[in-house]
Amino acid sequence: MLGAGPGGYTAAFRAADLGKKVVLVERYATLGGVCLNVGCIPSKALLHAAKVIADAEDMAAHGVSFGPPKIDIDGIRGFKDGVVGKLTKGLSSLAKARKVTVVQGRAKFTSAHAVAVETKEGRKVVSFDHCIIAAGSQSARIPGFPYDDPRLLDSTSALALRDVPKRLLIIGGGIIGLEMATVYDALGSKVTVVEFMDRLIPGADPDIVRPLAKRIEKRYEKILLKTKVAKIEALKEGLRATYESADGSPGAPPPQVYDRVLLSVGRRPNGKNLAAEKAGVKVDERGWIAVDNQMRTNIPHIHAIGDIVGEPMLAHKATHEGKLAAEVIAGMHHHVWEARTIPSVAYTDPEVAWMGLSEAEAKAKGVEYEKALFPWAASGRAIGMGREEGLTKILFEKGTKRILGAAIVGLNAGELIAETVLALEMGADAEDIGLTIHPHPTLSETVFFSAEIAEGTITDMMPKARTAS
Ligand code: NAD
């Protein structure tokens, strides 16, 4: 097992539970990979603090004022590190309990049946009958930026939370950029986000991103769309960013100096760091490893999972693939990839979540659909929280009214999307969802109301909101 991120440790543990002798090789001292150590988990710990700060501010409109927060940056960092520590310790004990051998160091293939690991104690050779590559990805870089300057951050150094910069520039208005913007804005930074495309989170439908864009436009210093950073100069007083329009047209804003710049323009697979050619495993020129629907590479006893095999680069995709690969290796050959969707969530404020077919994809593919869009302004629960900007959109197949996709923006959208994922996996239609009694008053009702809109049975608003493509 190469790599102990969510995909790697899941595969290792599942394989051990199925009776395999497992060696888990990990370059870092702790298990959990990027997600647990320097990604999903620490960011969520910081985002929780950000949410409480923003909620406390918002409470002024509800007649409760707390005054400005006192930020103890060491305390916040300490809490976050404690969260990571608890989870990595938990993983170590799970590995021990399963008798999984952990070898710390960088592994490179030496043949189709062995890797050499550079450990602190020297070179160790691990031979194998089967191997699962779960070596993940790394932050993408724009050439020519001053990477040796500690004021230029990537997601790892941004999460390290050394301090709270006065002015922070975030290059890339995708998931990492906007999650870190949420954190630093709440802690008091003046945030500018620069995005190459004409909208934020370009992977999600624009109508679902709009409520988020509207809220953060008011809070942040600037959001620059259709813009890129051509140059970053390290000056004594800060990092000077020179802008260019994405299409090269004149009119880009003048250069600005920032205390910190975060680069979050995507991630690249780590396929080229493994000497995979020594095992005969094909890696394309960008570092991806191709696999079949049982996660097998071109070398049948070597599997690959997670970020290294393709988008979306998400922990929950990697864990699903990790289990599948382990089960296939253990002889459960009937098992092939059959998940119908991988949900995506941006843990911003409000959260943005989507799954299945997006409206943009439906249009591009010529899929005939019915759209049901429920505005949270008609949800008693959302109004009670003063957060009625949310939207719940469900696409149903024309005729059968089977769910095709869903997108939600609003508080807890990341939790709410799970019901629609289950509905898609179960082949549910609008009637199934609309006749399922949902607890009142909850945000989960917004999924049910959307189904009622599609059914024409909604009573909490006029039934005309139903629209067909
Ligand atoms: P991303 O692909 O989500 O966003 C990158 C953004 O940068 C895009 O909007 C892109 O248009 C923009 N961009 C690219 N080049 C640019 C340039 N030169 N100037 C300005 N903008 C530019 O990537 P990310 O936010 O870096 O995240 C990386 C990966 O990690 C993603 O695959 C993401 O799914 C995953 N991730 C997921 C979560 C989550 O699930 N909540 C959180 C963090 C990261």
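When a residue number appears, it is its place in the shown sequence, counting from 1. All ligand and atom numbering here is 1-based and tracks the order in the structure.
Near Val194, with a cut-off below 4.0 Å to any heavy atom, the atoms of ligand 1 are 20 (C), 21 (N). Atom numbering of ligand 1 starts at 1 in the shown order; those under 4.0 Å from a heavy atom of Met197 are 11 (O). Under a 4.0 Å criterion applied to the non-hydrogen atoms of Tyr347, ligand 1 contributes the atoms 41 (N). Each of the following atoms of ligand 1 lies closer than 4.0 Å to a heavy atom of Ile142: 18 (N).
Distance from atom 38 (C) of ligand 1 to its nearest protein heavy atom, with residue and atom name: Ile175 CG2, 3.3 Å. For atom 9 (O) of ligand 1, the closest heavy atom belonging to the protein is Glu195 OE1, 2.6 Å. Among protein heavy atoms, the minimum distance from atom 44 (C) of ligand 1 is reached at Ile176 CG1, 3.2 Å. Counting only heavy atoms of the protein, atom 32 (O) of ligand 1 lies nearest to Met313 CB, 3.5 Å. In this structure, the protein non-hydrogen atom closest to atom 37 (C) of ligand 1 is Leu314 CD2, 3.7 Å. Among protein heavy atoms, the minimum distance from atom 21 (N) of ligand 1 is reached at Phe196 N, 3.2 Å. Closest to atom 23 (O) of ligand 1, if we only count protein heavy atoms, is Gly266 CA, 3.3 Å. Gly172 CA, 3.3 Å is the protein heavy atom nearest to atom 7 (O) of ligand 1.
Looking only at side-chain heavy atoms (C-beta outward), Pro211 and Leu391 come within less than 4.5 Å of each other.
Looking at Arg151 and Asp149, a side-chain N of the basic residue comes within less than 4.0 Å of a carboxylate O on the acidic one, giving a salt bridge. Taking the charged nitrogens against the carboxylate oxygens, Asp185 and Arg219 do have a contact shorter than 4.0 Å, which makes a salt bridge. Using a 4.0 Å cut-off between a side-chain N of Lys or Arg and a carboxylate O of Asp or Glu, Arg199 and Glu195 do not qualify as a salt bridge. Here Glu338 does not pair with Arg340 in a salt bridge; the nearest charged N to carboxylate O distance is not below 4.0 Å.
Ile171 CD1 to Phe196 CZ: the interatomic distance, rounded to the nearest 0.5 Å, is 13.0 Å.
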With side-chain hydrogen bond (donor to acceptor under 3.5 Å, both in side chains) as the test, would you mind laying out the steps for Thr88 and Asn37 before giving the verdict? CA-CA 8 Å; Thr88 53; Asn37 289 283; 5.1 Å; no
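Judged by the 6.0 Å distance and 45° axis criteria, Arg240 is not positioned over the aromatic ring of Tyr258.
Side-chain contact check for Glu419 and His438: at least one donor-acceptor pair (N or O, by modelled atom type) lies under 3.5 Å. Donor-acceptor pairing under 3.5 Å is recorded for the side chains of Thr392 and Thr446.
Considering only non-hydrogen atoms, atom 15 (N) of ligand 1 lies nearest to Val265 out of Asp198, Val265, Thr227.
The N/O atoms of Val345, backbone and side chain alike, include one that comes under 3.5 Å of an N/O atom in ligand 1. For Glu179, a nitrogen or oxygen atom sits less than 3.5 Å from a nitrogen or oxygen atom of ligand 1, counting backbone and side chain alike.
Ligand 1 is never approached by Pro312 to a heavy-atom distance shorter than 4.0 Å.
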Let me have the donor-acceptor pairs involving side chains of residues 172-181, under 3.5 Å, with sequence neighbours excluded, atom names and distances please.
residue	atom	partner	partner atom	Å
Glu179	OE1	Lys44	NZ	3.0
Glu179	OE2	Tyr347	N	2.8

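Only the side chain of Ile171 comes within 4.0 Å of ligand 1, judged by heavy-atom distances.
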